[in-house]
A.B. asks: 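First, the structure itself, so that you have it in front of you.
Everything numeric here is computed off the predicted structure, so don't read it as measured data. Throughout, a chain's letter reflects where its sequence line sits, starting with A, and its residues are numbered from 1.
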There are 2 protein chains.
Amino acid sequence: MSNPAPDDKSPYHHGDLRQALMAAAEAELGERGIEAFSLRSVAKRAGVSHAAPAHHFGDVNRLLTALATEGFRQFLAAQSAREAAAAPDAASQMVAAGLGYIDFAMQRPALFRLLWGSRRPDFTDADLAEASRASYQHLVDQIGAAGGRTIADETAVWAIAHGLADLLCAGRMSGIGSLAPPERDRVLADILRRALPR
Amino acid sequence: MSNPAPDDKSPYHHGDLRQALMAAAEAELGERGIEAFSLRSVAKRAGVSHAAPAHHFGDVNRLLTALATEGFRQFLAAQSAREAAAAPDAASQMVAAGLGYIDFAMQRPALFRLLWGSRRPDFTDADLAEASRASYQHLVDQIGAAGGRTIADETAVWAIAHGLADLLCAGRMSGIGSLAPPERDRVLADILRRALPR
DNA sequence: GCGCTATCTTGTCGCTGTCAAGATTGTATT
DNA sequence: AATACAATCTTGACAGCGACAAGATAGCGC
């Protein structure tokens, strides 16, 4: 096991460049956005040459694919975090999952936009497809437990959570976006509950 | 008035290059998507040199800003078209506006993504900001006429329409997206009506 | 010690957006 | 009608980009 000293300035072999590139890529995504995302800038941030990422990811889209796959898992984790703090009844769990969906969008907007608003990740990639499916299927499943029976019910809860998340993430909902978090959560929960059939 | 012959092959002065560039830009957007959008490719399609667009739009983002402004107006027109064909009661008009919102997203996905999923247009531009505001304010106003009173009501109808539109536009809602249009409209209308307070 | 392979660097290519300078055309003025 | 001026478009250049090829370096099994 090599284990180079942390202060080792610039060893020819990085050690865990793949992970470092992923972290640098997310930081770049947060600072410059997906539009100005640059593979060379990621490499520079990680302290390696401009061609180093190619060996680990092939091309820039595959780096973004890996980033999106990891992003979807954290996205699902954000929903689980809300559920853990919510009442155990099915309707509350459904609302909590929706609030987690929105939490992620507001807290990590650049990553959310990579997941839902970009075509650069390769969504035919098996890992990404599965991580993506699992992330919204979890939410959709909740409404079944809460009394939803039709495809309209399933679609409704997903569309409501996604619409709120996307518009808040983009900063276009000044009305709700400027509310204090507790009050905002109450309004969002009110809206999410409308997905349930009457 | 100049009025050059239509078959005039390549006059030094185009005549209405600004409009031609807008059309070429939308065509490029539809064929290659926002990620691969290229100013030089737009110029080539319009039959002019690579630097010609700069004189009319300054830079590429201002071309996209102009395109988005026009896009928002057509987006609003898609809602009006549905309303004109719907029953005159307030709830039906609200649903119709939502269906028009979704129509536009499914029929012109590249443009919809420019309007709602890109940061390249300059949304501080006065014309664009006004066109954008008008496009969703119209939908939000409908729920007031249909009995909505709270900020939750207004937010709900917008979020539902937008969530459905965004996910259908991205091709991620295979369940509803694969239905035949009449059946699909029925399900979408069912969901849109859930925005109304009970 | 030796060879093999993975890892990383350097250099190059075509493409991109933007800027500067020059060519062409339309229009107003005299 | 001739001239000056402004608008329009082209050509050429530059740096930054993603991708590829070739070479340098390092770890690892033998």
A.B. asks: For A:A51 and B:D16, find the nucleotide of DNA chain D closest to each by heavy atoms; which residue's nucleotide sits nearer the 5' end?
C.D. replies: B:D16
A.B. asks: By the definition side-chain hydrogen bond (donor to acceptor under 3.5 Å, both in side chains), identify the one residue from B:Q79, B:R82, B:H162 that meets it with B:Y101.
C.D. replies: B:H162
A.B. asks: Looking only at heavy atoms, what is the nearest atom pair of B:L168 and B:I176, with distance?
C.D. replies: CD2-CG2, 4.1 Å
A.B. asks: Can you check the A:L17 CG to C:dT7 P distance for me, whole Å?
C.D. replies: 10 Å
A.B. asks: From NZ of B:K44 over to P of C:dG14, roughly how many Å is that when rounded to an integer?
C.D. replies: 14 Å
A.B. asks: Write down the distance between CZ (B:F57) and C1' (C:dG17), rounded to a whole number of angstrom.
C.D. replies: 16 Å
A.B. asks: Which of these nucleotides, D:dG18, C:dG17, C:dG11, is closest to any side-chain atom of A:R40?
C.D. replies: D:dG18
A.B. asks: Would you mind telling me which of C:dT18, D:dT10, D:dA7 lies closest to the side-chain atoms of B:H55?
C.D. replies: D:dA7
A.B. asks: D:dT10, C:dT10, D:dG12: which one has an atom nearest the side-chain heavy atoms of B:S49?
C.D. replies: D:dT10
A.B. asks: Counting heavy atoms from C-beta on, name the nucleotide in C:dT10, D:dT10, D:dA13 closest to the side chain of A:H50.
C.D. replies: C:dT10
A.B. asks: To the nearest Å, give me how far apart CZ (A:R62) and C1' (D:dG18) are.
C.D. replies: 13 Å
A.B. asks: Just the rounded figure in Å: distance from C1' of D:dC17 to CD of A:E35.
C.D. replies: 16 Å
A.B. asks: Closest heavy-atom contact between B:S92 and B:A87?
C.D. replies: CB-O, 3.5 Å
A.B. asks: What integer distance in Å separates A:L64:CG from D:dC17:C1'?
C.D. replies: 14 Å
A.B. asks: Please determine if A:R120 forms a cation-pi arrangement with A:F37, meaning its NZ or CZ atom is less than 6.0 Å from the six-membered ring centre and no more than 45° off the ring axis.
C.D. replies: no
A.B. asks: Round to the nearest Å and state the distance from B:L63 atom CG to C:dG17 atom C1'.
C.D. replies: 12 Å
A.B. asks: Nearest whole angstrom, please: distance from the P of D:dC17 to the CG of A:L39.
C.D. replies: 10 Å
A.B. asks: Heavy atoms only, 4.0 Å cut-off, all strands: where does A:S38 land among base, sugar-phosphate and nothing?
C.D. replies: sugar-phosphate
A.B. asks: Check the orientation of A:W116 and A:F112. Use parallel for under 30°, tilted for 30 to 60°, and perpendicular for over 60°.
C.D. replies: tilted
A.B. asks: Select base, sugar-phosphate, or nothing to describe what B:H56 touches, counting heavy atoms under 4.0 Å on all strands.
C.D. replies: sugar-phosphate
